[in-house]
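To keep things clear, I will list the structure first and then write my remarks on it.
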Amino acid sequence: QVQLVESGGGLVQAGGSLRLSCAASDRTFSSYTMGWFRQAPGKEREFVAAITRNGASTDYADSVKGRFTISRDNAKNTGYLQMNSLKPEDTAVYYCASTRAVFLINRPIRYDYWGQGTQVTVSS
């Protein structure tokens with residue numbers, strides 16, 4: 001079973017940047033499509049971004065396009081989410097997840113493994 005651990009969250013002012021990391025427990029990480037999701041208080045978990053196993057293809061929610069960049073380093077069993085131009089509405093707990101699906105998935109139910117989440121708070 002793959003274990004995922006997120007890090008890099010914190011408090012940042014609007015317009016600032018954060019880089020989230022997602023460390024996987026073993027080398028099978030490269031066999032999984034990876035996604036990032038977020039959940040704000042009182043709201044459902046929503047899709048943020050996804051990347052295929054080899055990093056060749058990515059997908060983003062419209063709300064983060066042009067501001068966030070998903071990437072991965074399979075040699076380090078780690079995925080990343082670079083977040084720029086942050087807005088207060090980006091405040092949420094951010095989760096990384098992995099799926100055996102070979103194509104990009106934006107539905108949480110299709111993901112097999114989840115991290116514990118990291119809090120991102122953007123102040124205005």
Side-chain angles (χ1 to χ4, degrees):
Q1 183 171 350
V2 177
Q3 293 184 329
L4 304 172
V5 179
E6 302 96 336
S7 61
L11 174 63
V12 64
Q13 289 188 332
S17 298
L18 284 174
R19 187 195 195 199
L20 305 184
S21 297
C22 174
S25 59
D26 58 43
R27 288 175 290 181
T28 60
F29 174 75
S30 62
S31 302
Y32 293 84
T33 291
M34 189 188 79
W36 285 94
F37 293 79
R38 65 187 183 187
Q39 188 166 18
K43 294 188 177 181
E44 293 186 353
R45 191 167 297 188
E46 65 173 0
F47 171 74
V48 175
I51 187 168
T52 51
R53 293 177 294 181
N54 62 1
S57 297
T58 58
D59 187 27
Y60 296 92
D62 288 342
S63 59
V64 306
K65 278 181 182 177
R67 300 188 298 122
F68 290 12
T69 302
I70 188 172
S71 63
R72 66 191 299 161
D73 185 341
N74 288 338
K76 295 182 178 179
N77 299 327
T78 303
Y80 305 98
L81 184 68
Q82 178 66 45
M83 305 186 295
N84 298 329
S85 302
L86 283 162
K87 305 175 181 179
E89 51 263 44
D90 294 318
T91 295
V93 177
Y94 283 70
Y95 299 89
C96 69
S98 62
T99 173
R100 296 181 183 88
V102 298
F103 40 88
L104 298 169
I105 299 289
N106 62 10
R107 291 180 293 166
I109 196 172
R110 294 294 305 275
Y111 282 77
D112 304 300
Y113 304 106
W114 291 83
Q116 83 290 348
T118 186
Q119 177 70 47
V120 171
T121 303
V122 184
S123 62
S124 57

- [ ] With rounding to the nearest 0.5 Å, note down the distance linking OG in Ser17 to CD in Gln82.
- [x] 6.0 Å
- [ ] For residues Leu11 and Val122, determine if any side-chain heavy atom of one lies less than 4.5 Å from a side-chain heavy atom of the other.
- [x] no
Task: Arg38: partners by salt bridge (Lys or Arg N to Asp or Glu O under 4.0 Å), with sequence neighbours left out - done: Glu46, Asp90
Open item on the list: Distance check, rounded to the nearest 0.5 Å: Lys87 atom NZ versus Ser63 atom OG?
Closed with: 8.0 Å
- [ ] Could you grab the distance from atom OH of Tyr94 to atom CD of Gln39, nearest 0.5 Å is fine?
- [x] 12.0 Å
TODO: Could you pull out all residues at least two apart from Gln116 that satisfy side chain to side chain contact (heavy atoms under 4.5 Å, CB included)?
DONE: Val5, Glu6
Task: salt bridge (Lys or Arg N to Asp or Glu O under 4.0 Å) partners for Arg110, two or more places apart - done: none
Task: Apart from Val102 itself, residues in the same hydrophobic cluster as defined by side-chain heavy atoms under 4.5 Å - done: Phe37, Phe47, Val93, Tyr95, Phe103, Ile105, Tyr111, Trp114
TODO: Name all pairs fulfilling the ring pair (Phe, Tyr, Trp, His ring centres under 6.0 Å) condition that reach into residues 10-29, sequence neighbours left out, sorted by first residue then second.
DONE: none
Open item on the list: If you apply the rule side chain to side chain contact (heavy atoms under 4.5 Å, CB included), what do you find for Thr28 with Val2, and how did you get there?
Closed with: CA-CA 8 Å; Thr28 60; Val2 177; 3.5 Å; yes
TODO: Look up atom CZ in Arg45 and atom CD1 in Ile109, then write down how far apart they are to the nearest 0.5 Å.
DONE: 12.0 Å
TODO: Please assess Thr91 against Val120 for the test side chain to side chain contact (heavy atoms under 4.5 Å, CB included), listing each intermediate value before the final yes or no.
DONE: CA-CA 5 Å; Thr91 295; Val120 171; 5.9 Å; no
Open item on the list: Would you say CD of Gln3 has more than 12 non-hydrogen atoms from neighbouring residues, nucleotides or ligands within 6.0 angstrom?
Closed with: no
TODO: Search all heavy atoms of Ala24 against all heavy atoms of Leu4 and return the closest pair with its distance.
DONE: CB-CD2, 3.8 Å
Open item on the list: Keeping Ser21 on the side-chain end and Ser7 on the backbone end, is there a donor-acceptor pair under 3.5 Å?
Closed with: no
Open item on the list: Between Thr78 (side chain only) and Lys76 (backbone N and O only), is there a donor and an acceptor less than 3.5 Å apart?
Closed with: yes
Open item on the list: To check you understand the geometry: which heavy-atom pair defines the closest contact between Gly8 and Leu18, and what is its length?
Closed with: O-CD2, 3.8 Å
Task: Contacts of type side chain to side chain donor-acceptor pair (under 3.5 Å), residue Ser57, not counting sequence neighbours - done: none
- [ ] For residues Ala14 and Ser124, report the shortest heavy-atom separation together with the two atoms involved.
- [x] CB-CA, 4.4 Å
TODO: Go through the structure and list residues passing side chain to side chain contact (heavy atoms under 4.5 Å, CB included) with Asn54, not counting sequence neighbours.
DONE: Thr52, Ala56
Open item on the list: Looking at Thr118 and Gly9, would you say the former's side chain and the latter's main chain have a donor-acceptor pair under 3.5 Å?
Closed with: yes
Task: Passing option when Asp59 is tested against Ile51, Leu104, Val48, Thr33 for side chain to side chain contact (heavy atoms under 4.5 Å, CB included) - done: Leu104
- [ ] Please identify each residue that fulfils salt bridge (Lys or Arg N to Asp or Glu O under 4.0 Å) with Lys43, with sequence neighbours left out.
- [x] none
Task: Heavy-atom closest pair, residues Val12 and Gly16 - done: CG2-CA, 3.8 Å
- [ ] Could you name each residue pair satisfying disulfide (SG to SG under 2.5 Å) that touches residues 7-105, not counting sequence neighbours?
- [x] Cys22-Cys96
Task: Within residues 112-124 or reaching into it, pairs that qualify as salt bridge (Lys or Arg N to Asp or Glu O under 4.0 Å) - sequence neighbours excluded - done: Arg100-Asp112
Task: salt bridge (Lys or Arg N to Asp or Glu O under 4.0 Å) partners of residues 10-36, not counting sequence neighbours, each pair once - done: none
Open item on the list: Set out, in order, the CA-CA distance, both residues' side-chain angles and the distance that settles side chain to side chain contact (heavy atoms under 4.5 Å, CB included) for Thr99 and Met34, then state yes or no.
Closed with: CA-CA 6 Å; Thr99 173; Met34 189 188 79; over 6 Å; no
Task: Inter- and intrachain pairs under ring pair (Phe, Tyr, Trp, His ring centres under 6.0 Å), touching residues 57-90, at least two apart - done: none
